[in-house]
Q: 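Handing you this structure, nothing more for now.
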Amino acid sequence: MDPQTFLDIATKVTKLKMYPYFDIAHYTLMCVAARDDVPANSSGGTVFSRKHPLSCWVSSMLLCFAGSLIANFLLGEPILTPFKDHKALLTASVVWYLVFYSPFDIVYKMVKFLPCKLAIAGLKEVQRAHKVYHGVVYTAKIYPNSVLIILFIGTIKGAGSGLMKTFERLVRGLWIPGTNEVLQPSFVTKACFLASLVFLMEKMNYITAPHALVYFGVVIFFVYFKLSALLLGIHDPFAPFENLFCAVFMGGMWDAMRRAVATEPKKEEKDADIPAAKSREDKKND
């Protein structure tokens, strides 16, 4: 592709409006995630949604606006600010209703149909890149010299639903604290942290490429790995690097060496006991 054409496409991507199509894709996947997370229910959450519609709606809205809710809480801003946008709240509520209560469950089945799922997931990843970038830019204005806070808020804006999962489940009567993102970070959280780092390095002039190319590169990164996860089952490409890092710097190598040293004497003692056992057997036979 001609470089100028590629730059023009990247520039158009940076100027995309998230509402309504990208936001609807995000709301759809969040409501589907809330429905699929209902345990011990072979009907995909339909029984729970019939019995507890209010809890079902609240939990879905917590996922739909998770990034903004958590970021506002951490930045000391009004937590309920995301719900001030009546248009977004109404859109999310309509999507929630269609996912849970559409006739013959047609909307849910369409979202689960692989071609539709790929298209919706692609739109959602474009929105994720938009959220991470604006989270980094906004936080940099408030805390211009705090790298850690900027990275945290950028990550939360893009992967807030994973962090909100524990509280969202609590609304539905579930308490599973052992599956939170701090204990077991998902690939989405790691990718959002990496994207926040890229945008921060660009803002600090460590990356001198045009902003449109950097932004478009992050979008391609998100979309590529999401489609790879859906089509090829590649869920966490960071895992090999994490295992190597933990083995070298987090004590894994030293623990392996200690276990090896501790087992060697036991093996020598076992080998030394073999002749003694044979001599005892010989005496018995005599």
Side-chain angles (χ1 to χ4, degrees), residues 29-30 33 36-37 39 63 66-67 70-71 73-75 121 124-125 128-129 131-133 135-136 139-140 143 145-170 174-204 206-207 214-215 217-268:
L29 291 181
M30 292 300 99
D36 290 342
D37 193 52
L63 288 182
I70 300 175
F73 172 74
L74 295 177
L75 293 174
K124 158 66 182 172
E125 296 308 310
R128 193 190 304 279
K131 285 185 172 183
V132 172
Y133 172 71
V136 169
T139 311
Y143 300 101
N145 299 320
S146 181
V147 173
L148 196 60
I149 294 178
I150 295 173
L151 293 178
F152 277 169
I153 299 302
T155 303
I156 288 169
K157 292 287 284 187
S161 59
L163 296 169
M164 183 64 78
K165 183 67 71 174
T166 301
F167 302 98
E168 175 265 336
R169 285 173 173 167
L170 187 60
L174 294 175
W175 177 242
I176 313 176
T179 58
N180 64 75
E181 283 291 311
V182 179
L183 285 175
Q184 300 172 343
S186 63
F187 169 72
V188 173
T189 302
K190 302 170 191 174
C192 289
F193 183 83
L194 182 61
S196 301
L197 181 61
V198 170
F199 287 135
L200 180 60
M201 291 177 67
E202 180 203 7
K203 192 169 183 61
M204 298 173 67
Y206 289 112
I207 297 178
V214 176
Y215 185 91
V218 172
V219 170
I220 292 175
F221 171 77
F222 279 132
V223 173
Y224 173 77
F225 280 106
K226 184 62 177 181
L227 299 185
S228 298
L230 294 175
L231 293 174
L232 305 176
I234 302 174
H235 295 293
D236 193 352
F238 293 142
F241 304 101
E242 291 177 2
N243 295 335
L244 179 62
F245 178 83
C246 291
V248 176
F249 298 104
M250 297 297 172
M253 182 173 60
W254 307 114
D255 292 340
M257 292 176 63
R258 186 176 65 249
R259 287 193 297 268
V261 171
T263 53
E264 284 182 0
K266 294 180 180 179
K267 185 178 180 182
E268 292 175 357

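When a residue number appears, it is its place in the shown sequence, counting from 1.
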Q: Can you see which heavy atom on Lys190 is nearest to which on Glu242, and at what distance?
A: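 Of all heavy-atom pairs spanning Lys190 and Glu242, the closest is NZ-OE2, 2.7 Å.
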Q: Can you tell if the side chain of Cys192 reaches within under 4.5 Å of the side chain of Phe222, non-hydrogen atoms only?
A: yes
Q: In Å, rounded to the nearest 0.5 Å, how long is the span from OG1 of Thr155 to CD1 of Ile150?
A: 11.5 Å
Q: Determine whether the aromatic ring centres of residues Phe225 and Phe221 are separated by less than 6.0 angstrom.
A: yes
Q: Which atom pair, heavy atoms only, marks the closest approach of Ala129 to Phe199?
A: O-CE1, 4.1 Å
Q: Does CZ belonging to Phe152 count more than 12 external heavy atoms closer than 6.0 Å?
A: no
Q: May I have all residue pairs that pass side chain to side chain donor-acceptor pair (under 3.5 Å) and include part of residues 223-233, sequence neighbours excluded?
A: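 Qualifying pairs: none.
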Q: Looking at every heavy atom in both Ala71 and Lys157, which two are closest together, and how far apart are they?
A: CB-CD, 3.8 Å
Q: Taking atom types as modelled, is there a side-chain donor on Thr179 or Gln184 under 3.5 Å from an acceptor on the other?
A: no
Q: For Leu151 and Leu200: C-alpha separation, side-chain torsions, deciding distance, then whether side-chain contact (heavy atoms from CB on, under 4.5 Å) applies.
A: CA-CA 8 Å; Leu151 293 178; Leu200 180 60; 3.9 Å; yes
Q: So which heavy atom on Leu183 is nearest to which on Gly178, and how close?
A: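 Minimum heavy-atom contact is CD1-O, 3.7 Å.
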Q: Between Trp175 and Thr166, is the side-chain contact (heavy atoms from CB on, under 4.5 Å) condition met? List the steps.
A: CA-CA 7 Å; Trp175 177 242; Thr166 301; 3.7 Å; yes
Q: Using side-chain contact (heavy atoms from CB on, under 4.5 Å), reason through Lys165 and Asn180 one step at a time and then give a plain yes or no.
A: CA-CA 7 Å; Lys165 183 67 71 174; Asn180 64 75; over 6 Å; no
Q: I need the Leu29 CG to Glu125 CD distance, nearest 0.5 Å.
A: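 So the gap between those two atoms works out to 8.5 Å.
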Q: Can you tell me how far CD1 of Ile70 sits from CG of Leu163, rounded to the nearest 0.5 angstrom?
A: 5.0 Å
Q: May I ask you to decide if Pro185's main-chain N or O and Thr189's side chain share a donor-acceptor pair within less than 3.5 Å?
A: no
Q: What's the spacing between Met30 CE and Glu168 CD if we round to 0.5 Å?
A: 10.0 Å
Q: Apply side-chain contact (heavy atoms from CB on, under 4.5 Å) to Asp37 and Arg169, showing your working.
A: CA-CA 8 Å; Asp37 193 52; Arg169 285 173 173 167; 2.8 Å; yes
Q: Are Tyr143 and Leu75 packed together at the side-chain level, in the sense that at least one heavy-atom pair is separated by less than 4.5 angstrom?
A: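 Yes, side chains in contact.
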Q: Rounded to the nearest 0.5 Å, what separation is found between the CD1 atom of Ile153 and the OG atom of Ser146?
A: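 Answer rounded to 0.5 Å: 9.5 Å.
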Q: Which atom names give the shortest non-hydrogen contact between Leu63 and Ser161, and what distance separates them?
A: CD2-O, 3.7 Å
Q: Taking all non-hydrogen atoms of both residues, which atom of Lys203 and which atom of Ala140 are closest, and how far apart?
A: CE-CB, 3.4 Å
Q: On the 0 to 90° scale, with breaks at 30° and 60°, tag the Phe238-Phe187 ring pair as parallel, tilted or perpendicular.
A: tilted
Q: Quick one: CG on Leu244 to CE on Met250, what's the gap to the nearest 0.5 Å?
A: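 Nearest 0.5 Å value for the CG-CE distance: 12.0 Å.
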